[in-house]
Structures are given as C-alpha cells and as structure tokens.
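Okay, structure first, notes after.
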Amino acid sequence: EKGLPHYLQRTTDTYLERFGHLAKLENKIIVYTSEDLSSKIKEIRGDLPTEVFVVDFKNNFEQLRKEITDIQNNPEYQAKINPSQIKNPEYWNADYVLVNLLKSAFVNRAMPFVDTELVAWLDFGYCRSEDTLNGIKHWYCPLSKDKIHFFTIKDWKEGTYIQDVIANNDVHVTGPCIIAGKTMWPILEKLVYHNVNELIKNNLMDDDQTLLLMSYLSATEHFELHPLTDGEWFVAFRDYHVNTN
C-alpha cells in the first residue's frame, strides 16, 4: 500500500487463499509461519500430514536484518538501482529480502521431520489458482536426488555483471520452487550465505533470485537447470509430475 502498483499489493488473506489450493495436496507439508496464523493453517490442512513451525520473525535475525536495512537505506545503493525498478520490495523492504534469503535455512531446520529423499521448497502462495495443481492429489517429482534443481527463465550470458542483474531486476533463476535431495540442501544454504556476504561486502543486496543465480554460478556442478517456457513460472505440478497410479 506504499504507492505500489496493484500487482505488488497482496494481503494475508490473498496468501491464505492461495495456500488453500496448495493445501489440497496429500503430500506431507511443513509450514513456517507466525503464531497468529498457526491454527488457521492447521484448519486448512485438516487431517492431511502437516507440521507447523511458529517463528518469531520480528525478534530474530537482528544482525542480518540490520545489514540489509543499512544497505537499502544507503544513497549509494539506491543510486545503483534502475529508477523503474526501485518500488519493488527487494529494494526497500528488509523483511521481504530476509525471509526469501532464509528459504534453504528453513528447509534444513525441517529435515528431522522429512521422510523422503527429495525435498521441495514451495512458496506459501505458489498456487495462485487451483488450476496450478493440475488436478493432482499426490505430487511425485522424480528428479535426481544428487542435484539442486532450479527453474530458469533466462540463460546466463558471459560478460553479464551481477550489479546489473540487481539494478535491473533481471531474473534468471526463479525462487518459488526449489527441489533438491536431502543431502544437497545444506550445500545450497552454505552457497546462499556465502553470496549474501559477498553482496554485503560490495554494498549490494537483492532477494533470493539473484542469490540463487550467484550460488549456481559459483558451483555449477551441484545444479541442474530446468528452463521454463512461455513466461510460466508455476508449472511444477504440470511439467514435473509423474503419475504413479
């Protein structure tokens, strides 16, 4: 509501509605949320296998939040950003950036509750409509458990600078869906945090999409890329599902 275009304005109810579509999956789902939404999420899931972890987000991660805030408020950083992109939350909202940078950390903290070899991160609002589920009840995605799987909308070109990627909101790797074997998630977390520190050293900051790209570029052997076509981001249940019936 801070003068943002309509497509960037999303209420809590918007996300709960979208999660309602995702929640129809029979797969085990682990959710990180705030205390006030915990019971609502359990109600939406009903009897389906679910773990809900409450995070006191506002009172944790103080140091990293401060570092992100200091960079976002720095005039030198702001001057680097394309003026047409500056209203996007990754350039001014530290909490938005922080929660996106923590995806791999959240997955790794949940591992004691995971009973499959392949683990997926999906954004809470991944299913913007029920059609995104593609009619499936149990998602089975037989990708290699020895790789980290990213979904891309643009190929990396040699000679491109990360500063330009950040300045122009130039997305290569999408963030709403990440899939990896259980043993690969700790590798991704280490790569993400290494690259967060690299950005901080250079008075730069961005959300997960740039950090995922940097992680891939710094250790390509750990990754498998899956190009998305026709500008569609939310196709995991359509293009990466095998019916086992």
Side-chain angles (χ1 to χ4, degrees), residues 22 27 29-30 32 64 90 96-111 114-126 132 139-202 204-242:
L22 179 65
N27 301 67
I29 294 181
I30 299 171
Y32 286 88
L64 185 52
E90 52 264 48
Y96 176 87
V97 170
L98 180 58
V99 75
N100 279 294
L101 298 187
L102 290 170
K103 291 179 179 181
S104 55
F106 285 145
V107 172
N108 283 313
R109 303 311 180 270
M111 283 303 178
V114 172
D115 51 13
T116 55
E117 289 300 316
L118 209 59
V119 186
W121 168 278
L122 290 166
D123 282 1
F124 193 76
Y126 186 83
T132 306
W139 184 32
Y140 179 65
C141 179
L143 296 176
S144 170
K145 65 180 181 180
D146 298 321
K147 295 291 184 179
I148 301 165
H149 300 273
F150 284 168
F151 300 89
T152 62
I153 60 171
K154 186 176 184 179
D155 292 333
W156 175 255
K157 292 183 179 179
E158 292 296 331
T160 304
Y161 293 98
I162 290 297
Q163 180 171 320
D164 292 335
V165 169
I166 295 171
N168 296 295
N169 196 20
D170 187 11
V171 178
H172 293 69
V173 177
T174 65
C177 178
I178 306 167
I179 303 172
K182 291 176 73 170
T183 61
M184 302 305 293
W185 277 101
I187 294 173
L188 179 58
E189 183 178 357
K190 290 178 182 178
L191 289 170
V192 167
Y193 280 100
H194 169 77
N195 287 298
V196 167
N197 288 325
E198 288 299 305
L199 289 187
I200 291 171
K201 289 177 187 176
N202 289 279
L204 292 168
M205 187 50 60
D206 205 351
D207 62 9
D208 56 319
Q209 289 157 172
T210 293
L211 269 299
L212 297 178
L213 170 64
M214 293 174 68
S215 297
Y216 163 72
L217 292 173
S218 60
T220 56
E221 69 275 11
H222 293 309
F223 295 87
E224 188 171 323
L225 303 183
H226 305 273
L228 301 175
T229 58
D230 302 322
E232 295 186 72
W233 284 37
F234 305 97
V235 297
F237 305 125
R238 186 191 75 189
D239 295 346
Y240 297 91
H241 168 70
V242 172

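- Listed by first and then second residue, the ring-ring contact (aromatic ring centres under 6.0 Å, His included) pairs that reach into residues 154-192 are W156-H172, sequence neighbours excluded.
- Note: L64 CG to L102 CG = 7.0 Å, rounded to the nearest 0.5 Å.
- Atoms CG and CD1, from L211 and I162 in turn, are 9.5 Å apart once rounded to the nearest 0.5 Å.
- Taking the side chain to side chain donor-acceptor pair (under 3.5 Å) definition, one finds that E224 meets it with nothing, sequence neighbours left out.
- Of all non-hydrogen atoms in T132 and F234, the two that sit nearest each other are CG2-O, 3.5 Å.
- The environment of NZ in K182 is crowded: more than 12 heavy-atom neighbours from other residues, nucleotides or ligands sit within 6.0 Å.
- Taking every heavy atom of both residues into account, L22 and I29 meet most closely at O-CD1, 3.9 Å.
- Separation of atoms CG (D123) and CG (D208) is listed at 7.0 Å; rounding is to 0.5 Å.
- Residues passing the side-chain contact (heavy atoms from CB on, under 4.5 Å) test with T152, sequence neighbours excluded: V173, L225, P227.
- Note that the CD1 atom of I148 and the CD1 atom of I178 stand 9.0 Å from one another [nearest 0.5 Å].
- Within the 4.5 Å cutoff, no side-chain heavy atoms of L118 are placed close to those of Y140.
- With respect to E221 and K147, no salt bridge is recorded, no charged nitrogen being found less than 4.0 Å from a carboxylate O.
- Closest non-hydrogen pair, C177 versus W139, comes out as SG-CH2, 4.4 Å.
- Expressed to the nearest 0.5 Å, how far OG of S218 lies from CG of N195 amounts to 4.5 Å.
- Ion pairing between E232 and R238 holds under the 4.0 Å rule for side-chain N and carboxylate O.
- From H222, atom NE2 reaches atom CG of D146 across 11.5 Å, with rounding to the nearest 0.5 Å.
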